[in-house]
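Quick caveat, the model's predicted, so the values are computed rather than measured. Here is the naming used below: chain letters follow the sequence lines, and residue numbers restart at 1 for every chain.
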Protein chains: 2
Amino acid sequence: MSDSPLRIHQIREQLRQQLDAGVFDKDHKLPSERQLSELFAVSRMTLKDALSALEAEGLIYREGRRGWFVAVPRLIYNPLSRSHFHRMVEEQHRRADTEVLSIQSELASPELMRVMELEPLTPIERLTRRRSIDGRAVLLVENCLVSRYFPDILKEDLTQSLTELYRQRYGYRNSRSRFDVQPAAAPASVAKALHLSPGQMVLKIIRVNYNQAGELIDSEFEYWRHDAVCIRIDSQCRVETEAILK
Amino acid sequence: MSDSPLRIHQIREQLRQQLDAGVFDKDHKLPSERQLSELFAVSRMTLKDALSALEAEGLIYREGRRGWFVAVPRLIYNPLSRSHFHRMVEEQHRRADTEVLSIQSELASPELMRVMELEPLTPIERLTRRRSIDGRAVLLVENCLVSRYFPDILKEDLTQSLTELYRQRYGYRNSRSRFDVQPAAAPASVAKALHLSPGQMVLKIIRVNYNQAGELIDSEFEYWRHDAVCIRIDSQCRVETEAILK
DNA sequence: TAGTGGTCTAGACCACGGG
DNA sequence: CCGTGGTCTAGACCACTAC
């Protein structure tokens with residue numbers, strides 16, 4: 001043991017400078033943990049701690065066993081303007097993709113019954129989709145639709161905005177939404193789909209939507225990579241929304 | 001080395017069961033890391049990883065060098081209903097406290113100028129307060145008020161709701177708010193005030209408030225312990241709010 | 001197959017907390 | 001003061017990715 005080698009905090013500062021200066025990254029991938037730990041003359045565990053701290057700051061992110069990458073600007077997401085994921089992303093000059101991962105008819109789980117205030121044995125459709133920005137998977141969405149409101153919905157193109165589909169195909173307008181936002185650990189299935197380490201933190205958004213008749217027609221569980229999104233709400237929109245509804 | 005000892009995931013499951021069953025905790029403090037690592041026959045580093053995973057799930061939390069504690073229900077926080085922290089907390093049958101940590105007159109920083117769209121050299125008051133629920137520090141709020149709108153405000157009781165103070169003392173009503181919500185790393189000062197480890201993750205809320213004349217009068221930086229809050233927004237409230245304003 | 005990050009060990013010293 | 005968590009080491013094996 002020489003003096004005291006670089007501490008975790010000093011490594012953070014040094015890496016932060018390098019990142020700010022844009023020194024790293026042709027294709028925005030950082031050198032491997034082993035290379036960096038040699039570079040800074042610390043053990044790999046210590047270096048990982050430093051990288052994890054920068055990850056919490058949102059300066060870098062981790063992708064499965066693929067390595068560390070420099071962060072990308074967050075998507076500004078206004079949940080009051082109801083989905084339209086693709087439009088929102090394109091307005092911010094990014095490229096959006098949606099993949100349907102699974103879809104199945106089933107009965108509402110106890111948790112879902114609680115969230116949606118459903119009767120026992122209510123048939124629902126459960127739709128799981130993964131959404132990407134500029135080719136990077138950032139969001140896993142699980143929609144639970146009350147089947148009786150959506151006959152034959154499985155025959156539709158489900159990569160588009162569901163809101164649009166509701167309106168055009170079924171004549172439903174979204175009159176009211178309630179949503180909860182909270183940090184949470186990614187469930188195993190979500191972690192896998194988003195290339196996260198098991199138990200890594202995500203931003204979880206639970207929302208329930210009512211149609212113009214006040215009927216609770218569907219709910220949505222969103223899991224966002226924590227560094228990929230900034231939720232923006234402007235109470236000004238309320239006045240505009242109200243005006244439009246009239 | 002016997003076979004393979006308990007892995008991190010198995011420890012998580014076991015601890016989760018113990019927690020759900022309410023086995024631990026007289027005063028809801030967990031045994032020390034060293035004790036637990038012996039109990040599960042793993043190294044302390046491994047045990048820490050397991051605890052960190054449970055922390056991400058929101059089942060336990062860490063307090064400075066004091067130890068690990070079982071989690072407490074999240075505060076349901078509706079930012080559209082504008083602060084009134086104490087009322088909100090008491091409605092949820094908890095006890096609220098507010099401490100003023102610092103207050104000083106200064107010129108707007110570059111970052112603040114950007115957020116609040118201020119002229120250079122604008123004088124502001126910067127007020128830092130710590131808020132607790134049932135004796136646990138969960139929120140650090142930093143308010144930045146444009147000085148010219150709030151003459152002599154430093155003479156007031158600043159532990160109360162600022163919204164109330166604005167209304168009663170200055171006749172300002174909040175006509176519009178915009179806020180951004182995103183996960184972030186706690187800056188050192190915030191980490192210290194909330195007894196967090198440096199760089200730990202928090203939920204950051206930046207909001208700007210306009211008065212009835214559409215003037216941007218103050219902004220607020222909130223840093224919440226990530227396990228202490230659930231943000232709830234109900235678009236239904238909008239109609240009610242609008243009705244009240246008329 | 002080579003290289004990556006994920007996990008894990010068995011120690012150690014330090015800074016801070018509370019009695 | 002002692003016990004706590006925070007940090008750190010110098011190795012190791014494994015599961016997976018990318019080629």
d(CG, Leu196(A); P, dG5(C)) in whole Å: 16 Å
Length of the line joining His9(B):NE2 and dC8(C):P, which is rounded to integer Å: 11 Å
Ser32(B) side-chain N/O to dT4(D) phosphate OP1/OP2 under 4.0 Å: yes
By side-chain contact (heavy atoms from CB on, under 4.5 Å) - contacts of Arg136(B) (at least two apart): Tyr61(B), Glu63(B), Val138(B), Arg225(B), Asp227(B), Ala228(B)
Interatomic distance, Lys192(B) NZ vs dA15(C) P [rounded to whole Å]: 15 Å
dC8(C) OP1/OP2 closer than 4.0 Å to side-chain N/O of Ser43(B): no
Thr46(B) side chain reached by Asp49(B) side chain, heavy atoms, under 4.5 Å: no
Short side-chain N/O contact to dG5(D) OP1/OP2 from Ser197(B), under 4.0 Å: no
Contact list for DNA chain C against residues 60-67 of chain A - heavy-atom distance below 4.0 Å: Arg62(A), Gly64(A), Arg65(A), Gly67(A)
Distance in angstrom units between Met45(B) CE and dA12(D) P, rounded: 18 Å
Lys29(B) NZ to dG5(D) C1', straight-line distance once rounded to whole Å: 9 Å
Nearest to side-chain heavy atoms of Trp68(B), which nucleotide of dG5(D), dG6(C), dA10(C): dG5(D)
Pairing annotation in dot-bracket form, given for DNA chain D with Watson-Crick or G-U pairs under 3.5 Å and | for cross-strand partners: |.||||||||||||||||.
Tyr77(A)-Gln182(B) side chain donor-acceptor pair, cut-off 3.5 Å: no
Nucleotide dT7(C), atom P - distance to CG of Leu47(B) in whole Å: 14 Å
Let me have the donor-acceptor pairs involving side chains of residues 189-196 of chain B, under 3.5 Å, with sequence neighbours excluded, atom names and distances please.
from, atom 1, to, atom 2, distance (Å)
His195(B), ND1, Arg66(B), NH2, 2.9
His195(B), NE2, Arg66(B), NH2, 3.3

Short N-O contact, Glu99(A) and Arg129(A), less than 4.0 angstrom: no
Electrostatic pair Arg62(B)-Glu55(B), nearest N-O below 4.0 angstrom: yes
Distance-only donor-acceptor test (3.5 Å): side chain Arg44(A), base dG11(D): no
Phosphate contact (dG5(C) OP1 or OP2) by Lys48(A) side-chain N/O below 4.0 Å: no
Integer-rounded Å distance: dT9(D) C1' and Glu33(A) CD: 16 Å
Salt bridge (Lys or Arg N to Asp or Glu O under 4.0 Å) partners of Arg65(A), counting only residues at least two apart: none
Distance in angstrom units between Gln200(A) CD and dG6(C) P, rounded: 8 Å
Main-chain N/O of Ile124(A) paired to Ser147(A) side chain as donor or acceptor, under 3.5 Å: yes
Glu90(A): side-chain contact (heavy atoms from CB on, under 4.5 Å) partners, not counting sequence neighbours: His86(A)
